[in-house]
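Written below as structure tokens is the structure these notes are about.
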Amino acid sequence: MPDDSHALHSVLTEARIFPPPAEFAAKAHIRSMEDYRRLYAEAERNPEAYWGARAREELHWETPFRTVLEWKPPHSRWFIEGRTNLAYNCLDRHLEKRRDKVAILFEGEPGDVRRVTYGQLAADVNRLANGLKRLGVKKGDRVGIYLPMVPEAAVAMLACARIGAVHSVVFGGFSAEALRDRMNDAGAKVLLTADGGWRKGAVVPLKKNVDEAAPHIPTLERVVVLERVGQGGALGPRDVSWKALVEGESDVCAPEWVESEHPLFILYTSGSTGKPKGVLHTTGGYAVNVSLTTRWVFDLEEEDVYWCTADVGWVTGHSYVVYGPLMNGATTVLYEGAPVHPQPDRFWDMVARHRVSVFYTAPTAIRTFMRLGDALPRKHDLSSLRLLGTVGEPINPEAWMWYREVIGQGRCPIVDTWWQTETGAIMVSPLPGATPTKPGSATLPMPGIKVEVLDKAGHAVPAGKGGLLFIGRPWPSMLRTVWGDEERYARSYFGEIPGKYFTGDGARLDADGYLWVMGRVDDVVNVAGHRLGTAEVESALVSHPSVSEAAVVGRPDALKGTALVAFVTVKKGVEVTPQLEAQLCTHVTKEIGAIARPDVIRFAEALPKTRSGKIMRRLLRDVAAGKESTGDVTTLEDLNVLAALREAEE
Ligand code: WTA
């Protein structure tokens, strides 16, 4: 069960309620709690009729679906016999009315700005789609995408969707090793990359990483290289220049009308065990729910300049930088670089210059800005903002209040959106024109979404009490499987209680039915809004020749939400030195990426284990959080003594 004391909530602010601003309620998509409750009740009465109606409204179906849902737990199929194409829904649909509207407003870290209209984007996507076909990419083939946050990242995703290829985007911050593992698991045929990207004034060496990984990816036939930083070096025999690939291609490419259940993408995310899971999303159900939630939660209007700061390497980038806004014909901002570069007020400067009206970011970013002080945002004209969102980790009420007062100037509603890579779309969030908000709560489920907080036996826990967060019924944008591992899909998500999806989160519902997410209850941690498996970091550590055993746990951190603490035992004869600590950190960076670098490494003579040999992670979490004293913590700790004490107690 989750431990209440780990949550960052404070009882004082929890009591505060902010009603939706009147101007909002007057013209929002959902204008009142009555509207919300009516929709919610309608969906409860007949979920299939509800989702069928939404599906017809949200998408162009080239062939209409006949059956809304087939549910054979744990497998769901949605909008059966329907055929559609997601690139068509993001582009062609808008060309009549919005050909010259800016689809992507791009700003590079060096300050270069590009405005790509819907007309231009459609042409770029079609050219690349034709180019991919020329390279032999067919419907169902997997295409890797390892690009910086540039418009071509969206072009790449949409070109795959156009021809029915399955994309698998790998975050540019992941290392060559992490890229190799993901591409091998997906069986990628083609990989789209760039010579590099800009981050904190330096070049992220994407092509160099690809060159390291490619010889170890047997399925990989071609690598397409975009020129971004002008430092790519020579192209090898496997490589094709992006420019050369698209240059002679037609800007017309008929969309492949795929079945609703045709795979759209595989996105790797961390689970409890070592290997990341390839979360598979299919076309129709994903598109319907992403399109709908984008409009309802962000209340998009024609004139909005919408900026979600996530990278396309994460699910937030897939659903709410690329697909959701484009399906809605919006202007979506793409920013390449670091939030605080070259000045700590880069974000606010961009909000002011581009007149951003809807802004969506992670609590870690908000806490960072909060720490930098009010003067920075106050220097800029933030009057264009009308709605603020957060995602990725619990937001503490203090940060929520700061976001509201200093960034939103008390004027903008805040949508704290709870969802996951696996859910595809936002599941729990305020609707800005309807839902009164409470700082720190993601509030209420979207219509059609059945949120349940249960104990291990599957009984509902009373209001105010912590429990495990489940989704009690299938929804269109749920993951369909773990790529290549059906068994893991069934076990990870439906192994706790048959027929109910287990989220891995602990949560409680208050007396008003508002959801308070308390964080992960499995061995997944949210470090600065990035999802990591402690087991992944452990296997990276033990792959170092000096390390014998490692256990990695999360520790509450005021800035990052969770910090990573690694307990390490070294092999016989290895001397523990500060150099070794630094080496281990570098090693993890090389194996996974800088986001997985432990904040603290603590060397121990032995790891505390139960009599049956299981590492006592809860004890380690307590030690890491300083709740349990281990005497001289700077040197070798005899955790076994504590372990023996703990076992005697339990
Ligand atoms: C956490 C990101 C509290 C949660 C979209 C979940 C949140 C995990 C919130 C999924 C929120 C996400 N409040 N916690 N508003 N949003 N989380 O797959 O622990 O990268 O299980 O998807 O992030 O992370 P993922």
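Both counts, for ligands and for their atoms, begin at 1 and track the order of listing. Keep in mind that what you see is a predicted model, and the values were worked out from it rather than measured.
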Between [X] and ligand 1, which residue portion shows a heavy-atom distance shorter than 4.0 Å: side chain, backbone, both, or neither?
{"X": "I395", "result": "neither"}
{"X": "E393", "result": "backbone"}
{"X": "A442", "result": "neither"}
{"X": "Q420", "result": "both"}

For ligand 1, is there an N or O atom under 3.5 Å from any N or O atom of [X]?
{"X": "T503", "value": "no"}
{"X": "E422", "value": "no"}
{"X": "T269", "value": "no"}

Starting from [atom], what is the nearest protein heavy atom, named by residue and atom, and what distance separates them?
{"atom": "atom 3 (C) of ligand 1", "answer": "P394 N, 3.1 Å"}
{"atom": "atom 24 (O) of ligand 1", "answer": "R531 CD, 3.6 Å"}
{"atom": "atom 8 (C) of ligand 1", "answer": "N526 ND2, 3.8 Å"}

Relative to the heavy atoms of [X], which atoms of ligand 1 are at a distance of less than 4.0 Å?
{"X": "V517", "result": "3 (C), 14 (N)"}
{"X": "V391", "result": "5 (C)"}
{"X": "D505", "result": "4 (C), 6 (C), 19 (O), 21 (O)"}
{"X": "T421", "result": "18 (O), 20 (O), 22 (O), 25 (P)"}
{"X": "T316", "result": "5 (C)"}
{"X": "D416", "result": "11 (C), 13 (N), 15 (N)"}

Lys/Arg N to Asp/Glu carboxylate O, [X] vs [Y], below 4.0 Å:
{"X": "K465", "Y": "D455", "answer": "no"}
{"X": "K560", "Y": "E393", "answer": "no"}
{"X": "E496", "Y": "K500", "answer": "no"}
{"X": "D185", "Y": "K275", "answer": "yes"}

Heavy atoms only: give me the nearest A399-M370 pair and the separation to one decimal. CA-SD, 3.7 Å
Value for CD (Q420) from OG1 (T503), rounded to nearest 0.5 Å, stands at 5.0 Å
Answer with yes or no after comparing the ring centroid distance for [X] and [Y] against a 6.0 Å cut-off, counting only values under it.
{"X": "W307", "Y": "F347", "answer": "yes"}
{"X": "F502", "Y": "Y493", "answer": "no"}
{"X": "Y286", "Y": "F265", "answer": "yes"}

Report yes or no: does a heavy atom of W419 sit under 4.0 Å from some atom of ligand 1? yes
If we only consider heavy atoms of G392, is any one of them less than 4.0 Å away from an atom in ligand 1? yes
Kindly say whether R555 contributes a backbone atom to a donor-acceptor pair with the side chain of T562 at under 3.5 angstrom? no
Within the side chain of H29, is there an N or O that forms a donor-acceptor pair under 3.5 Å with the backbone of G433? no
